[in-house]
Every structure is written in structure tokens, then in C-alpha cells.
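Scroll down for the structure; my scribbles are underneath it.
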Amino acid sequence: MVSLQNAKEGGRYRVTWLLGTYAGYLHDTWDLCIDDCLSVLANNGSSLIIRFNGRKVAMSSDIAGCVKMEPV
């Protein structure tokens with residue numbers, strides 16, 4: 001299992017857990033759900049850009065730490 005904040009650029013992953021403070025925010029605001037597949041477009045250690053469900057989203061690493069994934 002990999003945390004989104006540690007995911008590699010160019011990687012493709014399936015969401016397995018949404019945990020912590022921002023889990024509800026990710027689901028309610030961006031409709032990120034368990035079993036969604038996402039691609040990591042950029043990860044510089046403090047922020048990320050990901051693509052999922054037809055949208056491109058930037059987020060901070062503290063929010064990304066709430067997303068646990070498996071490589072696809």
C-alpha cells in the first residue's frame with residue numbers, strides 16, 4: 001500500500017482507503033472514492049497534481065497523506 005503523498009510521478013494507482021481529517025473533503029468536494037483509479041502527473045514532495053475521473057487536481061502533501069492506494 002502506498003500513500004498518495006509518496007506516489008511516483010507517472011504512476012497509476014487504485015484508491016483503497018480514504019483516512020483522516022480530509023477524507024470527507026476529498027469525497028464531498030472532488031468525488032474521490034474507494035476504487036477510483038488515478039494518475040500522478042507531478043509530485044515534488046510538498047504538493048501533487050493528479051488526474052482522476054476526467055479532472056486534473058492539485059493538492060498539498062498533507063491532504064494527499066489521507067489517500068492510501070495500490071499500484072495498478
Side-chain angles (χ1 to χ4, degrees):
M1 190 172 309
V2 173
S3 173
L4 179 54
Q5 72 189 118
N6 298 323
K8 295 181 181 180
E9 286 184 20
R12 185 155 167 80
Y13 301 89
R14 180 177 310 278
V15 176
T16 55
W17 293 92
L18 293 173
L19 307 167
T21 307
Y22 297 107
Y25 172 78
L26 292 168
H27 181 267
D28 297 343
T29 304
W30 292 336
D31 198 29
L32 182 64
C33 300
I34 305 292
D35 289 331
D36 281 350
C37 288
L38 59 85
S39 299
V40 179
L41 304 178
N43 184 352
N44 68 11
S46 63
S47 61
L48 299 96
I49 300 173
I50 60 172
R51 181 180 309 235
F52 68 96
N53 295 335
R55 54 179 100 175
K56 195 185 308 185
V57 175
M59 69 176 67
S60 65
S61 64
D62 59 329
I63 295 174
C66 295
V67 181
K68 306 301 182 202
M69 311 170 304
E70 296 287 337
V72 176

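Treat the numbers as computed from the prediction; the structure is a model and nothing was measured.
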Go through it in stages, so that I can follow the logic: the residues are Lys56 and Ile49, the test is side chain to side chain contact (heavy atoms under 4.5 Å, CB included), and I'd like the CA-CA distance, side-chain angles, deciding distance and then a yes or no. CA-CA 7 Å; Lys56 195 185 308 185; Ile49 300 173; 3.6 Å; yes
Is there a side-chain hydrogen bond (donor to acceptor under 3.5 Å, both in side chains) between Asn53 and Asp36 once you walk through the steps? CA-CA 8 Å; Asn53 295 335; Asp36 281 350; 3.2 Å; yes
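One finds the OG atom of Ser39 at 7.5 Å from the CZ atom of Arg51 (value rounded to the nearest 0.5 Å). Rounding to the nearest 0.5 Å places OH of Tyr13 at 12.0 Å from CD1 of Ile50. Between the OG atom in Ser61 and the CG atom in Leu48 there is a gap of 7.0 Å [rounded to 0.5 Å]. The CE atom of Met69 sits 10.5 Å away from the CG atom of Leu18 when rounded to the nearest 0.5 Å. The CG atom of Asn43 sits 6.5 Å away from the CD atom of Glu9 when rounded to the nearest 0.5 Å.
With contacts defined as side-chain heavy-atom distances shorter than 4.5 Å, the pair Cys37/Arg12 qualifies. At a threshold of 4.5 Å between non-hydrogen side-chain atoms, the residues Leu4 and Met59 count as touching. Looking at Gln5 and Val67, their side chains never come closer than 4.5 Å, going by heavy atoms from C-beta outward. In this structure, Arg14 and Asp35 have side chains that are in contact, with non-hydrogen atoms separated by less than 4.5 Å.
A search for side chain to side chain donor-acceptor pair (under 3.5 Å) contacts involving Thr29 returns nothing, not counting sequence neighbours.
The aromatic ring centroids of Phe52 and Trp30 lie 6.0 Å or more from each other.
The two residues Leu38 and Leu32 come nearest to each other via the heavy atoms CD2-CD1, 4.3 Å. The two residues Ala64 and Ser3 make their nearest non-hydrogen contact at O-OG, 3.9 Å. Pairing each heavy atom of Cys33 with each of Val15, the nearest pair is O-CB, 3.6 Å.
Chaining together hydrophobic side chains whose heavy atoms lie under 4.5 Å apart places Met1 alongside Trp17, Leu19.
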